[in-house]
Structures are given as structure tokens and as C-alpha cells.
Amino acid sequence: YNKVLEEAVAEAKFEENLTEQLDTLTRRKVEPQVTADVDAYIPDDYVSLDAERFDFYKRLSRAAMVAEIDDIRAEMLDRFGKIPEPAENLFKLIKLKIRLEPLRIPKIDVRGAAVNIYLPSDDKDFYKEIFPFMMNSLDRVSDIKYRVTQENSSARVEVNFVSNAPAGESAKIDRLERLVEVMKMA
């Protein structure tokens, strides 16, 4: 009887631990949304067939690793020649989205020289594990000013680039890439 009871308790503890780990993994999986005031699309005059263009969009939306984006980009370059800026922007934004996943940031919005980083509202572990390091990393970036704001249960970090760097579309994405890399190093 005692042996059966011990096995049942051990199995229950194992299942509880497994359920807890699964809950943690599920809760932490965030699919970030990245929006920017840049042209980011595959031009009709670059990939003229709608079906092909749609297939590229579908593959890009399903990509889970930066290497997959690089492979799709290489295929487009091989098949259609020099990649236009709007398509390059699209590749960069999707890569950023993938790089943001480990940070558990649900949304980043870029408008001009301003970047709004929306923080998760229901992830206490984020505020213990990631947020302090993210803020320390931002403190070390010399050409930005930032502040944390909160409305109701939603918080965000408002970042403004203060340098006189060019404000073209590519430059906006490059600054965002640099910002994400700095936060990832935390």
C-alpha cells in the first residue's frame, strides 16, 4: 500500500511540475507586433504574379527563425534580381519581430524618431527577469531619451532618438534594430 501511495504521489508531483513548466512556456510565447511608418511590402513590379507574391507573404509570415527570412530573401534575389527597398524593409521588420520574441514584448511602434515599446500587462516574470535589464541597457544608449508611461493596466517605454542622423526609412529600421539588439544584450 505504501509503495503504491509513494508512486502515486511521485507521479502527481511529476505531472504538477510538467504542467507548471508547460504553463510557463505557453505564457511566455509572445508573437510581437511591429509597426512602422515605412514602406514594407513586396512590390507588384518586382514579383508580378499575385500567386507568387502571396506565397512569399505566406512563407514570411510563418517563418520562425531569422535564417528562414534570409533563405527567402536569397531566393527572391536569385529569381527576381536586386531587391527593392520596400521588400528589404519588410525582411528587416520580420527579422525584428522574431528577435523580439525572447524579450516577450508584445508590440513596438515606430513613428518618425519615436519608438513606443509596449510592455506586457500580465507577465510578472517579465518585470522581474527582463524589464530591469532592459532599462539598464537603454540607460547606456547615448543618443536616446526615454520614459516609461502607464495608462490603466498598459505600460510602454517611449523612446526618442535625439541624434541628427538621417530619418529615411532604412535609417528608422536600422535604429530600431540597434535598439532591439541593445535590449537583447541585457
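Hydrogens, waters and symmetry mates play no part in the numbers below; they use all other heavy atoms, side chains included. Just so you know, these numbers come straight off a predicted model, no measurement behind them.
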Heavy-atom distance under 4.5 Å between the side chains of [X] and [Y], does that happen here?
X: Ile98; Y: Met65; result: no
X: Val182; Y: Arg140; result: no
X: Val157; Y: Met135; result: yes
X: Val47; Y: Met76; result: yes
X: Val115; Y: Tyr146; result: no
X: Ser154; Y: Ser121; result: no
X: Ile108; Y: Leu96; result: no
X: Leu93; Y: Lys97; result: no

Quick check on the hydrophobic clustering: are [X] and [Y] connected, directly or via other members, by side-chain heavy-atom contacts under 4.5 Å?
X: Val38; Y: Ile69; result: no
X: Val34; Y: Val159; result: yes
X: Val148; Y: Leu100; result: yes

Starting at [atom1] of [X], measure out to [atom2] of [Y] and round the result to the nearest 0.5 Å.
X: Ile130; Y: Asp125; atom1: CD1; atom2: CG; value: 9.0 Å
X: Phe161; Y: Leu179; atom1: CZ; atom2: CG; value: 5.0 Å
X: Asn89; Y: Ile94; atom1: CG; atom2: CD1; value: 11.0 Å
X: Asp39; Y: Glu85; atom1: CG; atom2: CD; value: 8.0 Å
X: Ile144; Y: Asn160; atom1: CD1; atom2: CG; value: 9.0 Å
X: Arg104; Y: Phe131; atom1: CZ; atom2: CZ; value: 13.0 Å

Might you point out which heavy atoms bring [X] and [Y] nearest each other, and give the distance in Å?
X: Met183; Y: Ser137; result: CA-CB, 4.3 Å
X: Phe126; Y: Pro132; result: O-CD, 4.5 Å
X: Ala87; Y: Ile83; result: CB-CG2, 3.5 Å
X: Gly81; Y: Tyr46; result: O-OH, 2.7 Å
X: Asp37; Y: Gly112; result: OD2-N, 2.9 Å

**OP:** Look at the aromatic rings of Phe80 and Phe56 and report parallel, tilted or perpendicular, splitting at 30° and 60°.
**Re:**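 The arrangement is perpendicular - the two ring planes meet at more than 60°.
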Subject >> Partner of Phe91 by side-chain contact (heavy atoms from CB on, under 4.5 Å), out of Val66, Ile42, Ile72 >> reply: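 Looking at Val66, Ile42, Ile72, the match for Phe91 under the side-chain contact (heavy atoms from CB on, under 4.5 Å) is Ile72.
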**OP:** Any side-chain hydrogen bond (donor to acceptor under 3.5 Å, both in side chains) involving residues 68-81? Give me the pairs, sequence neighbours left out, ordered by first then second residue.
**Re:**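 The answer is Glu52-Arg79, Arg59-Glu75, Asp70-Lys95, Arg73-Glu88, Glu75-Arg79.
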Original post:
Are the charged groups of Asp143 and Arg175 less than 4.0 angstrom apart, N to O?
Top reply: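 Looking at Arg175 together with Asp143, the answer is no, because their closest N to O distance does not fall below 4.0 Å.
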Original post:
Salt-bridged, Asp109 to Arg111, with N to O below 4.0 Å?
Top reply: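 A salt bridge links Asp109 with Arg111.
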Subject >> Test side chain to side chain contact (heavy atoms under 4.5 Å, CB included) applied to Arg156 and Ile117, step by step >> reply: CA-CA 5 Å; Arg156 74 175 186 255; Ile117 304 168; 5.9 Å; no
Original post:
Should we count CZ of Phe54 as having more than 12 external heavy atoms under 6.0 Å?
Top reply: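 Atom CZ in Phe54 is not packed in, count stays at 12 or less.
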Original post:
Just wondering, more than 12 heavy atoms not from Gln150 lying within 6.0 Å of its CD?
Top reply: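 Enclosed.
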Subject >> Contacts of type ring pair (Phe, Tyr, Trp, His ring centres under 6.0 Å), residue Tyr41, not counting sequence neighbours >> reply: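 With sequence neighbours excluded, Tyr41 shows a ring pair (Phe, Tyr, Trp, His ring centres under 6.0 Å) to no residue whatsoever.
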